[in-house]
Amino acid sequence: QAQLVESGGGLVQPGGSLRLSCTASGLSLDNYAIAWLRQAPGKEREGVSCITGGGSTIYADSVKGRFTISRDNAKNTMYLQMNSLKPEDTAVYCCNAKYYRDSFWGQGTQVTVSS
């Protein structure tokens, strides 16, 4: 069975940092396009960042320069490093891995940015 599990969410003050992790089992992330998405209360889900199948990295304008997506193939884990966090970054963050018609999702982890 394929599974993605996020960790690393929590409460942080504005300007702080968090690193989210997404560990895969039952699949090798090296073979997948990967992405982080988020959904805030009352808002639609939005893409945060992804690494495409061609190896290109894409960031939403709202997080560009503050967030970094990465992958550690040896650990079969993907990461989202979040710096200079803002209250508007508060959301449930989830990871996604996709290869053609296969698409797998994590359960999501809560990130709250508040003073």
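Quantities reported herein were computed from a predicted structural model and do not represent experimental measurements.
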* **Test log, rule side chain to side chain contact (heavy atoms under 4.5 Å, CB included), inputs Leu27 and Tyr32** => CA-CA 9 Å; Leu27 72 149; Tyr32 289 76; 3.4 Å; yes
Side chain of [X], backbone of [Y]: donor and acceptor closer than 3.5 Å?
{"X": "Asn73", "Y": "Asn76", "value": "no"}
{"X": "Arg66", "Y": "Ser84", "value": "yes"}
{"X": "Thr90", "Y": "Val113", "value": "yes"}

List the atom of [X], the atom of [Y], and the distance in Å for their closest heavy-atom pair.
{"X": "Leu18", "Y": "Gly8", "answer": "CD2-O, 3.8 Å"}
{"X": "Gly108", "Y": "Glu6", "answer": "N-OE1, 2.8 Å"}
{"X": "Phe104", "Y": "Ala2", "answer": "CE2-CB, 3.4 Å"}
{"X": "Ala91", "Y": "Ala40", "answer": "CB-N, 3.8 Å"}
{"X": "Lys75", "Y": "Thr23", "answer": "O-CG2, 4.4 Å"}
{"X": "Gln81", "Y": "Ser17", "answer": "NE2-CB, 4.0 Å"}

Could you tell me if the side chain of [Y] sits less than 4.5 Å from the side chain of [X], heavy atoms only?
{"X": "Leu80", "Y": "Val48", "result": "yes"}
{"X": "Pro87", "Y": "Pro14", "result": "yes"}
{"X": "Arg38", "Y": "Val63", "result": "yes"}
{"X": "Thr109", "Y": "Leu20", "result": "yes"}

What distance separates [X] [atom1] from [Y] [atom2], expressed to the nearest 0.5 Å?
{"X": "Met78", "Y": "Leu29", "atom1": "CE", "atom2": "CG", "value": "7.0 Å"}
{"X": "Ile51", "Y": "Ser56", "atom1": "CD1", "atom2": "OG", "value": "10.0 Å"}
{"X": "Lys43", "Y": "Glu88", "atom1": "NZ", "atom2": "CD", "value": "8.5 Å"}
{"X": "Lys64", "Y": "Ile58", "atom1": "NZ", "atom2": "CD1", "value": "9.5 Å"}

* Asked: With Gln3, which residues qualify under side-chain contact (heavy atoms from CB on, under 4.5 Å), at least two apart?
  ->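 Counting only residues at least two positions away or on another chain, Gln3 forms a side-chain contact (heavy atoms from CB on, under 4.5 Å) with Gln1, Val5, Ser25.
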* Verify the cluster assignment for Val92 and Val12: are they in a single hydrophobic cluster under the rule of side-chain heavy atoms below 4.5 Å apart? =>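 Result: no, two separate clusters.
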* To do: Count the heavy atoms belonging to other residues, nucleotides or ligands that lie under 6.0 Å from OH of Tyr59, then report whether that count exceeds 12.
  => yes
* To do: Determine whether more than 12 heavy atoms belonging to other residues, nucleotides or ligands lie under 6.0 Å from atom CD of Glu46.
  =>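 Atom CD in Glu46 is crowded, with more than 12 foreign heavy atoms closer than 6.0 Å.
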* To do: Would you check, one step at a time, whether the test side chain to side chain contact (heavy atoms under 4.5 Å, CB included) holds for Val111 with Met82?
  => CA-CA 10 Å; Val111 173; Met82 305 183 294; 3.8 Å; yes
* To do: Would you please test Leu4 and Trp105 for side chain to side chain contact (heavy atoms under 4.5 Å, CB included) and show each step?
  => CA-CA 6 Å; Leu4 303 178; Trp105 296 83; 5.6 Å; no
* Asked: Does the pair Tyr79 and Ile69 meet the rule for a side chain to side chain contact (heavy atoms under 4.5 Å, CB included), with working shown?
  -> CA-CA 6 Å; Tyr79 304 94; Ile69 187 172; over 6 Å; no
* To do: Report the C-alpha separation of Asp72 and Thr77 in whole Å, then their side-chain angles, then the decisive distance to 0.1 Å, and conclude whether the side chain to side chain donor-acceptor pair (under 3.5 Å) test is met.
  => CA-CA 5 Å; Asp72 187 332; Thr77 299; over 6 Å; no
* Asked: Do the ring planes of Phe67 and Tyr93 sit parallel (below 30°), tilted (30 to 60°) or perpendicular (above 60°)?
  ->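 Because their plane-to-plane angle lies in the 30° to 60° range, the rings of Phe67 and Tyr93 count as tilted.
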* Asked: Using 4.0 Å as the upper bound for N to carboxylate O, is an ion pair formed by Lys86 and Asp89?
  -> no
* Pairs where residues 18-115 contributes a residue and the test disulfide bond (SG atoms under 2.5 Å apart) is met, not counting sequence neighbours -> Cys22-Cys95
